[in-house]
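Presented below is the structure to which this report refers.
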There are 2 protein chains.
Amino acid sequence: MQKNPPQCQFVAALDSIVGKWKPVILYHLLQGKPLRFNELRRLLPDITQRMLTLHLRELEADEIVTRVVYPQIPPKVEYSITEYGQSLAPVLETLHQWGAAHMERKRLIKAQREQNETD
Amino acid sequence: MQKNPPQCQFVAALDSIVGKWKPVILYHLLQGKPLRFNELRRLLPDITQRMLTLHLRELEADEIVTRVVYPQIPPKVEYSITEYGQSLAPVLETLHQWGAAHMERKRLIKAQREQNETD
DNA sequence: CAGAATCCGAATAGATACTG
DNA sequence: CAGTATCTATTCGGATTCTG
């Protein structure tokens with residue numbers, strides 16, 4: 001990455017939440033309930049096992065989620081959001097708001113353009 | 001992307017600001033002053049011409065920046081943030097704040113760990 | 001159940017050379 | 001000056017197989 005200070009901090013934030021599946025993972029974990037590995041898989045029908053593992057490991061490294069292993073057979077692993085991870089909630093909310101408005105805006109522009117074409 | 005609605009809107013927002021260089025480009029343009037192509041290059045010493053062009057084109061397509069061509073020789077092209085693009089400012093600011101705190105946190109944790117190693 | 005390991009293809013980004 | 005075009009290197013994600 002760059003040495004540019006503002007950029008760095010920005011990217012530090014993005015690294016924690018960007019990734020093809022991180023937003024959804026966080027979305028579900030932020031509901032508060034701890035989720036098992038396969039529960040998450042069910043909630044994200046299209047994710048591969050591999051990507052789920054990788055993303056969870058990154059979130060764990062950032063201390064945004066915790067991984068609790070119950071030593072039993074069959075194994076049980078629960079993921080939950082940390083207190084620190086909860087500080088992401090407003091950040092995600094802000095992004096979500098803007099994203100929703102942005103999609104609506106694009107939709108409107110597209111509709112207008114199609115209207116003009118029929119003129 | 002997924003069909004999951006919350007995810008979609010989230011990603012719509014991220015698409016507009018994520019990309020290896022978009023955050024810095026936006027950071028500079030949000031200062032308010034229109035910038036020429038090569039001015040941006042100088043502000044982003046490590047970006048390639050190609051990536052700068054590509055990212056600017058995407059931002060233009062999202063109507064976040066405007067591209068004004070002055071038909072003269074040598075050519076002059078100025079990029080500036082649109083009014084709509086300015087609505088991103090608070091979003092970026094939120095991310096930046098969290099990112100700064102996150103980096104500081106990591107730094108502290110690392111320092112602590114190194115302290116423990118000398119015990 | 002919750003993964004680790006390996007392999008492969010697709011998407012991203014950089015390097016370089018050329019142009020109106 | 002402000003790009004295009006092309007080619008290559010790197011990264012990322014998916015598919016598949018195996019395991020405690």
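Chain identifiers are assigned alphabetically (A, B, ...) following the order of the sequence lines, protein sequences preceding nucleic acid strands; residue numbering begins at 1 within each chain. Remember, it's a predicted structure, so these values are computed and weren't measured experimentally. Hydrogens, waters and symmetry mates are skipped; everything else that's a heavy atom, side chains included, is used.
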Pair A:L14, B:L14 - check side-chain contact (heavy atoms from CB on, under 4.5 Å), show working. CA-CA 9 Å; A:L14 288 175; B:L14 288 176; 4.2 Å; yes

side-chain contact (heavy atoms from CB on, under 4.5 Å) between A:T48 and A:T53, worked out: CA-CA 9 Å; A:T48 58; A:T53 304; over 6 Å; no

Where do B:H28 and B:L35 land on the side-chain contact (heavy atoms from CB on, under 4.5 Å) test, with the steps shown first? CA-CA 9 Å; B:H28 288 297; B:L35 293 170; 4.1 Å; yes

Test log, rule side-chain contact (heavy atoms from CB on, under 4.5 Å), inputs B:L95 and A:I17: CA-CA 10 Å; B:L95 274 169; A:I17 56 173; 3.8 Å; yes

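In the helix from C:dC1-D:dG20 to C:dG20-D:dC1, the end axes, each obtained as the rotation axis mapping the C1' atoms of four pairs onto the next four within a five-pair block, lie 50° apart to the nearest 10 degrees.
With sequence neighbours excluded, the residues that form a side chain to side chain donor-acceptor pair (under 3.5 Å) with B:Q97 are B:E93. Every residue meeting the side-chain contact (heavy atoms from CB on, under 4.5 Å) condition with B:Q115, not counting sequence neighbours, appears here in chain and number order: B:T118, B:D119. Scanning for side chain to side chain donor-acceptor pair (under 3.5 Å) contacts around A:E39 gives an empty result, with sequence neighbours left out. Scored by the side chain to side chain donor-acceptor pair (under 3.5 Å) test, A:R57 finds A:Y79 as partners (sequence neighbours excluded). Considering only residues two or more places apart in sequence or on other chains, B:V68 meets the side-chain contact (heavy atoms from CB on, under 4.5 Å) condition with B:Y70. Taking the side chain to side chain donor-acceptor pair (under 3.5 Å) definition, one finds that A:E58 meets it with A:K22, sequence neighbours left out.
A straight line from OH of A:Y79 to C1' of C:dA2 spans 7 Å, rounded to a whole angstrom. To the nearest angstrom, P of C:dA2 lies 17 Å from CG of A:L54. Distance CG (A:L56) to C1' (C:dC1): 14 Å, rounded to an integer number of Å. One can place CZ of A:R41 at 10 Å from C1' of C:dG3, the figure rounded to the nearest angstrom.
Comparing B:T53 and B:R42 against DNA chain D, the residue whose closest nucleotide sits nearer the 5' end is B:R42.
Contact check of residues 60-72 of chain B against DNA chain C (heavy atom, cut-off under 4.0 Å) returns no residues at all.
Annotation for B:L108: hydrophobic cluster partners, listed by chain and number, are none (ILVMFWY side-chain heavy atoms under 4.5 Å, direct or chained).
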Once each nucleotide of nucleotides 11-20 of chain C is scored for protein heavy atoms under 4.0 Å, what B/S/- sequence comes out, 5' to 3'? --BBB-B--B

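Although no hydrogens or angles enter the test, the distance criterion places a donor-acceptor pair under 3.5 Å between the side chain of B:T82 and the main chain of B:I64.
The stretch residues 99-113 of chain B participates, sequence neighbours left out, in these side-chain hydrogen bond (donor to acceptor under 3.5 Å, both in side chains) pairs: A:S16-B:H102, A:D62-B:K106, A:Y84-B:H102, B:E104-B:R107.
Taking every nucleotide of DNA chain D with any atom under 4.0 Å from a non-hydrogen atom of chain B, the first and last of them, 5' to 3', are D:dC1 to D:dT6.
Here A:R57 reaches the OP1 or OP2 of C:dA4: one of its side-chain N or O atoms lies under 4.0 Å away.
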